[in-house]
Amino acid sequence: MKTKSAKYAKMRRGEYQSVICPYGYRKSADGRMEPDGDVAGIVRQIFEWAADGNTAAEITRKLYAMNIPTPGEYRRDKGKDHYNVSRTHGVWSSGAVLRMLEDQRYIGTYVIGKRRVQEIGSRRMKLKDESEWFKIPDHHPAIVSMDLFEKANASIRRFSLPNKKRRDYLLRGKVFCGCCDHAMSLRNGAWFYCRHSEVAENLPCHGVRVKMADLEQAVLETIRAQMCPALGIDSSKDKLNLQTVQQAEHEEKLRSIQDSKRQLYEQYALGEIDLETYQERKAVYDAELVQARNVHAAITAQTRQIQSDYEAKLKQREIVQEVGSADTLTQALIDRLISKVYIFPGDRIEIAYEMQDVFGVKEMEG
């Protein structure tokens, strides 16, 4: 609480506490936030486009046509490589535009305390009601006026769907563009397409799409074609049994040497043998123990590996039987087997599996 109070006090004095300023701003020499002359005009233009009735998707297309670097790319060019921008290629996301349009920092108001941790020690955050937010008006120079901010948000809300329901489908969160590695969106509940590529026709994944039903069937057929039959399960069981017997034999040998060593000491303690004889025989047993322990350790490691291989084959056979008996792709199979499905131009798909050892190859054209 003391730390938070001190931080809020600095905020009230106009100091900016975060490491990175929002796009359009930069830190001044005294630690305050000031408009970045290189990109503040871009921010203002985005608000003006929104106020004129442009959707977020239309704004992203305009930014791409003007060759405006994304916020991440701009920071990278300034030597502040905080984000991975390998997938952006100058393409702004609609989400970034929408977040910018609702950010009150652009009207000079700084907002803190928007989220709270769900429980002490957790990193998971929960958004608080806006009435609980801590707002500092006139904290820094504004880039857009209150009038423009309100017009832009009133206009952009006309295109939002506040009551949009989550649509569940089998490959939800699994389908990605093979060109830009962005998650593909589902249009009209029927087609997967790369929304990221819609800003321009010259992008390699522009126009790449696949029908959901066709993709589900292709994934099932690909899995069947790539299944590595779990053969040799009986021979693996025999090998495991033989190895287990060998391990037990060496464990018995190890115990026998230890027993002989204890009996030797008892003979010495009872005066049945002298010290010299005891030391000579003990040295022999110690050498035998070292050798026996090394052999036992090696055999134990082999047994563990054979046991692991046998269990893997059992799992393989179970999956093979499950896939072979499935008439359609199921959620259980997807969750168990598939990490990602990549879509490429030319109707080619590539599947990244959760369990690579079940299959002989990683990809297959469809």
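It should be emphasised that the depicted structure is a prediction, and the values quoted were computed from it without experimental measurement. FYI, side chains are in, hydrogens and waters are out, and symmetry mates aren't considered; it's all heavy atoms of this structure.
Residues satisfying the side chain to side chain donor-acceptor pair (under 3.5 Å) criterion with Gln331, sequence neighbours excluded, are Asp335. For Ser339, there are no side chain to side chain donor-acceptor pair (under 3.5 Å) partners two or more places apart in sequence or in a different chain.
No chain of hydrophobic side-chain contacts below 4.5 Å, direct or via other Ile, Leu, Val, Met, Phe, Trp or Tyr residues, connects Ile349 to Trp191. The hydrophobic clustering, which links ILVMFWY residues whose side-chain heavy atoms are closer than 4.5 Å, places Leu275 and Ile273 together. Val290 is not connected to Val284 by any chain of hydrophobic side-chain contacts under 4.5 Å among Ile, Leu, Val, Met, Phe, Trp and Tyr, and they are in different clusters.
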*Arg105 and His140: side-chain contact (heavy atoms from CB on, under 4.5 Å), yes or no, with the steps?*
CA-CA 8 Å; Arg105 287 178 293 184; His140 53 268; 4.0 Å; yes
_side-chain contact (heavy atoms from CB on, under 4.5 Å) evaluation trace for Val39 with Ile68_ = CA-CA 9 Å; Val39 290; Ile68 303 297; over 6 Å; no
*Report the C-alpha separation of Asp259 and Ser256 in whole Å, then their side-chain angles, then the decisive distance to 0.1 Å, and conclude whether the side-chain hydrogen bond (donor to acceptor under 3.5 Å, both in side chains) test is met.*
CA-CA 5 Å; Asp259 288 342; Ser256 176; over 6 Å; no
*asked:* Working note: Thr70 + Glu73, criterion side-chain hydrogen bond (donor to acceptor under 3.5 Å, both in side chains); need CA distance, chi angles, decisive distance, verdict.
replied: CA-CA 5 Å; Thr70 65; Glu73 290 172 331; 3.3 Å; yes
*Output, in order, the C-alpha distance, side-chain angles, deciding distance and verdict of side-chain hydrogen bond (donor to acceptor under 3.5 Å, both in side chains) for Ser28 and Glu34.*
CA-CA 6 Å; Ser28 62; Glu34 64 181 9; 4.6 Å; no
*Would Gln247 and Glu251 count as a side-chain contact (heavy atoms from CB on, under 4.5 Å) if you check the C-alpha gap in whole Å, the side-chain angles of each, and the deciding distance to 0.1 Å?*
CA-CA 6 Å; Gln247 182 177 351; Glu251 288 173 352; 3.3 Å; yes
*Decide side-chain contact (heavy atoms from CB on, under 4.5 Å) for Glu350 and Arg348; before the verdict, give the C-alpha distance in whole Å, the side-chain angles of both, and the deciding distance to 0.1 Å.*
CA-CA 7 Å; Glu350 178 180 327; Arg348 184 170 69 88; 4.0 Å; yes
*Worked verdict on Gln267 versus Gln263 for side-chain hydrogen bond (donor to acceptor under 3.5 Å, both in side chains)*: CA-CA 6 Å; Gln267 288 179 315; Gln263 291 172 5; over 6 Å; no
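Using a 4.5 Å heavy-atom threshold, the side chains of Val43 and Phe47 count as touching. No side-chain heavy atom of Ser260 sits less than 4.5 Å from a side-chain heavy atom of Ile257. For the pair Leu329 and Gln217, the minimum side-chain heavy-atom distance is 4.5 Å or more. Inter-residue side-chain proximity for Ile338 and Val219 is flagged as met; some heavy-atom pair is nearer than 4.5 Å. Under the 4.5 Å side-chain criterion, counting only non-hydrogen atoms from C-beta, Arg262 is not in contact with Tyr285. A 4.5 Å side-chain heavy-atom check between Ile107 and Ile143 finds every atom pair outside the cut-off. The shortest distance between side-chain heavy atoms of Cys177 and Phe344 does not fall below 4.5 Å. A heavy-atom distance below 4.5 Å is found between the side chains of Leu203 and Val91.
The distance from the OH atom of Tyr110 to the CD atom of Gln104 is 12.5 Å, given to the nearest 0.5 Å. Rounded to the nearest 0.5 Å, atoms NZ (Lys174) and CG (Leu337) are 9.5 Å apart. Rounded to the nearest 0.5 angstrom, Leu264 CG and Gln279 CD are separated by 10.5 Å. Rounded to the nearest 0.5 angstrom, Glu58 CD and Leu63 CG are separated by 12.0 Å. Tyr169 contributes atom OH, which lies 8.5 Å from atom CE of Met212 (distance to the nearest 0.5 angstrom). Considering OG of Ser94 and NE2 of His196, their distance stands at 10.5 Å, rounded to 0.5 Å.
In plain terms, the two heavy atoms of Tyr106 and Pro22 that are nearest each other are OH-CB, 3.9 Å. Nearest heavy atoms, Val208 versus Pro345: CG2-CG, 3.8 Å. Smallest separation of non-hydrogen atoms from Lys340 and Asp181: NZ-OD1, 4.3 Å. Between Asp38 and Tyr74, the closest heavy-atom pair is CB-OH, 3.4 Å. Between Asn54 and Ile156, the shortest heavy-atom contact is O-CD1, 3.5 Å. Listed here is the closest heavy atom pair of Arg75 and Tyr23: NH2-N, 3.4 Å.
A donor-acceptor pair is defined here as one N or O able to donate and one able to accept, closer than 3.5 Å; such a pair exists between the side chain of Ser197 and the backbone of Cys194. When atom types are taken as modelled, the side chain of Asn153 and the backbone of Leu101 share a donor-acceptor pair closer than 3.5 angstrom. When atom types are taken as modelled, the side chain of Thr222 and the backbone of Ala218 share a donor-acceptor pair closer than 3.5 angstrom.
Taking a 6.0 Å sphere around CG of Asn67, one finds it holds 12 or fewer heavy atoms contributed by other residues, nucleotides or ligands. Annotation: Tyr268, atom OH; neighbour count of heavy atoms from other residues, nucleotides and ligands within 6.0 Å does not exceed 12. Sparse packing is recorded around CZ of Arg304, with 12 or fewer heavy atoms of other residues, nucleotides or ligands lying under 6.0 Å away. The environment of NZ in Lys135 is crowded: more than 12 heavy-atom neighbours from other residues, nucleotides or ligands sit within 6.0 Å. No more than 12 heavy atoms of other residues, nucleotides or ligands shown are found within 6.0 angstrom of CG on Asp138.
Only one option out of Gln246, Gln243, Gln307 pairs with Gln302 in a side-chain hydrogen bond (donor to acceptor under 3.5 Å, both in side chains); it is Gln243.
Listed by first and then second residue, the salt bridge (Lys or Arg N to Asp or Glu O under 4.0 Å) pairs involving residues 277-303 are Lys261-Asp286, Lys282-Asp286 (not counting sequence neighbours).
Here Arg195 does not pair with Glu198 in a salt bridge; the nearest charged N to carboxylate O distance is not below 4.0 Å.
In this structure, Arg209 is not positioned above the aromatic face of Tyr193 in the sense of NZ or CZ being under 6.0 Å from the six-membered ring centre and within 45° of the axis.
Aromatic ring centroids of His182 and Phe176 lie 6.0 Å or more apart.
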